[in-house]
Amino acid sequence: MNLLHLIQAKFRTALTGLVPDPEPYVAMIKAAQDAKHGDYQANCAMALAKALGKKPREIAEDLVNRLQLCDLLEKPEIAGPGFINLRLQSSWLAKTVQSIANDDRLGVEKAQAVKTYVIDYSSPNVAKPLHVGHLRSTIIGDALTRLLRFLGHTVVTDNHLGDWGTQFGILLYGYKNLRNADAYKKDPVRELTRIYLEVRRLIGVEDEDEAVNPIAEACRAETAKLHKGDPENVAIWQDFMPPCLEEIHAIYRKLGVPPFDHEHGESFYNPLLPGVVDSLLEKKVAEPGDGGAIIIRFSENNVALVRKRDGAFTYTTSDLATIQYRLKHFKPQAMLYVVDFRQSQHFANLFEAARRWGVSNVELTHISFGSVLGPDKRPIKTREGGAVELGSLIDEAIQQGRQVVDANSPELPDAERAEVAEAIGIGAVKYADLCQNRTSDYIFSFDKMMAMEGNTGTYMQYAYVRNRGIFRKAAIDPLTLRKNPPAVALDTPYERALALQLLKLEESLLSAVADYQPSAVTAYLWDLAKTYSGFFQNCPVIKAESDAVKQSRLLLCDLTARVLQQCLELLGIKTVERM
RNA sequence: GCCCCCGUAGCUCAGGGGAUAGAGCAUCGGUUUCCUAAACCGAGGGUCGCAGGUUCGAAUCCUGCCGGGGGUACCA
């Protein structure tokens, strides 16, 4: 059910014959910015004035006369210079809401052109615990996956683990020279983290002008040995991997992120890399660079390495191999990379290199996002200056959620409060992240995201819980209501606004997917929750003036609850019945 | 140096050709015999960084400048 598309179709018909190509003008129909201008507005009359050599208002009148309103629209109004203000018939809204009351998909149609997407997200370094920097990639990627799948697309999720790069050279060097065997046995990941940081500290900041740092050089040598298949290094690497992976998977479970379809890390592509470089050279995509390195040149001073002078390959090489592999095995129409904005240039170069290499007929998109900042507006750090570990951040969020439940519903059983704490805490973190335009940085603040007012996850949960309370109190089973949906009456502005908002679900999901912006869903949720609160405040349900009104309002409530729940689920956020 | 992103209310941010520029927080005022007031309603608050340009129409597109962030061949 897509109101915008229905209205646009009417204008498409009306415009046909007036102009050679109606599409640009059809695109000028959008939801009204101000409710007093109606539900939707068409802004095409002004633009048509020049093309048709007539006054905008005359064109608007002509268009309105050509429109087949049917029972969808009321008679449009022409305002200002030539705006056409459109208002849906309330009877049509009522009928349509009733018709989707028992629809599993809440009136959302599946995409007609089904595509296959490969989404690359989270992609942590296996050598280090997940930190707050992985939060955005993971939850944005998860939300996009859920959205695309809900709309009927095929999505292949792939966690492109950093399990093979220079950081493993650092670890190998540290493992051989600095390892505390007991500590490693007890908690390998913790000890590896310590080793990693220790080696980084020993290397310090590398300066181009200074003599080559011997430790950095030794680490690079370890990386190169690993890449060449040195048995000792490969064995140590194989020893590292399982505990590190388990640590990462435990975080995903805690966060409620489902397992990936694939976890083909960089190591997976290692055997392909020499062939990739050969092919790049053969096709003149790559050329020799300084000191025996092999490079791809994009401009005078924009160059990507594909083979270092010591023979090791880089992430550009590995990413090109990955593109080739995914094309062959998944045959996608699109490959999406949910990676932070600092890698924009890498992806611009990577995609350009892939095109030159012959990759075509596939969308390659870098879904860039901003940084998570601390209160000082600098990338968030612990008090000690280290990275904030994701595991402890999630624990803290759950604890914060617990405080909310304990303060408000101490009467709930302990087990239920624990469950609610998790849903609220983790939900608040995810919501706070997803409700930002992803390209912006944002300041991480538990106080703000846990706030019970404003556009927060907690507010959404609350809207849902208050709604469910009605059914509990009235002892009404929503399933029974849905099976035999009552007639819907939209006699107050609150009910009408709610019905309209419910029918805009598909529009919001399509817009979220069109620009890969989960914040389109939170914006929709915010509008819906606000509209619902107005309804809740002004339209008593259990004590409605008649049974017919009560039944109608119950249906609106039930549909609202389901839309709230569905949207939150698409964002990876769980709902609870009480809080 | 070169390239990319950002600059909108006191604060945090929406809006990316259309009507008097919106929301949340904060501030001030109002609403509860009623389904969770963790709510709702209202008020004040803006040279949309600056200057040009394109357009019937610019916060939005183009150019320049100022300010902030990021990247810039052997990390990923």
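First the proteins, then the strands, lettered A, B, ... as listed; each starts at 1. Since this is a predicted model, take the numbers as computed values, not measurements. Below, each value reflects all heavy atoms present in this structure, side chains not excepted, and no hydrogens, waters or symmetry copies.
Atom C1' of rA21(B) sits at a distance of 25 Å from the matching atom of rU63(B), rounded to the whole Å. Distance noted for atom P between rG64(B) and rC4(B): 10 Å (whole Å). Comparing rG49(B) with rC5(B), their C1' atoms are spaced 16 Å from each other, to the whole Å. Here the separation of rG22(B) from rG42(B), taken at their P atoms, is 14 Å to the nearest Å. Between rA9(B) and rG45(B), the two C1' atoms lie 6 Å apart (nearest whole Å). Nucleotides rG16(B) and rU60(B) have their P atoms positioned 12 Å apart, rounded to a whole Å. With both ends at atom P, the span from rG46(B) to rC61(B) equals 25 Å, rounded to whole Å. Nucleotides rA26(B) and rU72(B) place their P atoms 41 Å apart, quoted to the nearest Å.
E300(A) comes within 4.0 angstrom of nothing in the nucleic acid, heavy atoms only. If you check every strand for non-hydrogen atoms under 4.0 Å, K377(A) touches sugar and phosphate atoms only. Residue H37(A) is classed as a base contact, given a heavy-atom separation below 4.0 Å to a base. Within the 4.0 angstrom heavy-atom criterion, no nucleotide atom of any strand lies near N349(A).
Under a cut-off of 6.0 angstrom, the local environment of CD in E77(A) is sparse, with at most 12 non-hydrogen atoms contributed by other residues, nucleotides or ligands. Within 6.0 Å of atom NZ in K574(A), 12 or fewer heavy atoms from other residues, nucleotides or ligands are found, so the atom counts as exposed in its surroundings.
Counting heavy atoms from C-beta on, the side chains of L555(A) and Q551(A) never come closer than 4.5 Å. Residues I295(A) and V306(A) form no side-chain contact, since every pair of their non-hydrogen atoms from C-beta on lies 4.5 Å or further apart.
Summary of the strand contacts: T314(A) and A47(A) both lie near RNA chain B, and taking for each the nucleotide with the nearest heavy atom, the more 5' one is attributed to A47(A).
When each of rA76(B), rU12(B), rA73(B) is scored by its nearest atom to the side-chain atoms of I443(A), the top-ranked nucleotide is rU12(B). Counting only heavy atoms from C-beta on, S440(A) has its side chain closest to rC13(B) among rA76(B), rA73(B), rC13(B). Candidate nucleotides rG18(B), rA76(B), rC74(B) were compared by shortest atom distance to the side chain of N43(A), and rG18(B) ranks first. Candidate nucleotides rC74(B), rA19(B), rG15(B) were compared by shortest atom distance to the side chain of A79(A), and rA19(B) ranks first. Closest approach to the I295(A) side chain among rA76(B), rC74(B), rA73(B) is made by rA73(B) (side chain taken as heavy atoms from C-beta onward).
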Just distance, no hydrogens or angles: give the donor-acceptor pairs under 3.5 Å from side chains in residues 518-529 of chain A, sequence neighbours left out.
from	atom 1	to	atom 2	distance (Å)
S519(A)	OG	Q517(A)	OE1	3.2
T522(A)	OG1	S519(A)	O	2.9
Y524(A)	OH	Q501(A)	O	2.8

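Between the CG atom of D447(A) and the P atom of rC11(B) there is a distance of 19 Å, rounded to whole Å. One interatomic measurement links the two molecules: CD of E77(A) to C1' of rA19(B), which rounds to 14 Å at whole-angstrom precision. Summarising the geometry, the separation between CE on M28(A) and C1' on rG57(B) is reported as 12 Å, rounded to the nearest angstrom. For Y315(A) and rA73(B), the OH to C1' distance is 11 Å, given to the nearest whole Å. Spacing between atom CD of E222(A) and atom P of rC74(B) amounts to 20 Å, rounded to whole angstrom units. Per the geometry, CD belonging to E266(A) stands 10 Å off C1' belonging to rC75(B), to the nearest Å. Remark: C1' of rA76(B) and CZ of R200(A) are 10 Å apart, rounded to the nearest angstrom. Atom CG in D441(A) sits about 12 Å away from atom P in rU12(B), given to the nearest Å.
Under a 4.0 Å N-O distance rule, the pair E217(A)/R220(A) qualifies as a salt bridge. Ion pairing between D34(A) and K36(A) holds under the 4.0 Å rule for side-chain N and carboxylate O. The residues R496(A) and D39(A) are annotated as salt-bridged, a charged nitrogen and a carboxylate oxygen being separated by less than 4.0 angstrom.
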Check nucleotides 60-62 of chain B for protein N or O atoms closer than 3.5 Å to its own N or O atoms and list the pairs.
none

Using the 3.5 Å cut-off, write out each protein N or O paired with an N or O of nucleotides 2-10 of chain B and the distance between them.
none

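Looking at F369(A), Y516(A), F351(A) one by one, the single match for ring-ring contact (aromatic ring centres under 6.0 Å, His included) with Y337(A) turns out to be F351(A).
The base of rA76(B) has none of its N or O atoms less than 3.5 Å from a complementary donor or acceptor on the side chain of N125(A). D34(A) contributes no side-chain N or O that forms a donor-acceptor pair with the base of rA21(B) under 3.5 Å. At a cut-off of 3.5 angstrom, the base of rA19(B) holds at least one donor-acceptor pair with the side chain of Q41(A).
Between Y25(A) and F11(A), the distance separating the two ring centers is not shorter than 6.0 angstrom.
Among residue pairs with one or both ends in residues 289-316 of chain A, those qualifying as ring pair (Phe, Tyr, Trp, His ring centres under 6.0 Å) are Y315(A)-H346(A); sequence neighbours excluded.
Because its NZ or CZ atom is not both nearer than 6.0 Å to the ring centre of Y442(A) and within 45° of the ring axis, K377(A) does not count as a cation-pi partner of that residue.
One finds the NZ atom of K530(A) at 5.5 Å from the OH atom of Y459(A) (value rounded to the nearest 0.5 Å). In this structure, R468(A) CZ and T560(A) OG1 are separated by 11.5 Å, a value rounded to the nearest 0.5 Å. Atom CG of L481(A) and atom CG of D477(A) lie 9.0 Å apart (nearest 0.5 Å).
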- Task: Classify every nucleotide of nucleotides 31-44 of chain B by which part a protein heavy atom approaches to under 4.0 Å, writing B for the base, S for the sugar-phosphate alone and - for neither, in 5'-to-3' order.
- Result: ---SBBSBSS----

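In this model, the phosphate group of rA19(B) is approached by a side-chain N or O of Q33(A) to a distance below 4.0 Å at OP1 or OP2. Put simply, N437(A) has a side-chain N or O that comes within less than 4.0 Å of OP1 or OP2 on rG15(B).
Remark: the backbone N or O of C557(A) is paired with a side-chain donor or acceptor of N467(A) at under 3.5 angstrom. The closest donor-acceptor contact from the side chain of D163(A) to the backbone of E266(A) lies under 3.5 Å.
Consecutive Watson-Crick or G-U pairing (both distances under 3.5 Å) extending over three or more pairs maps onto RNA chain B as B:1-7 with B:66-72, B:10-13 with B:22-25, B:27-31 with B:39-43, B:49-53 with B:61-65.
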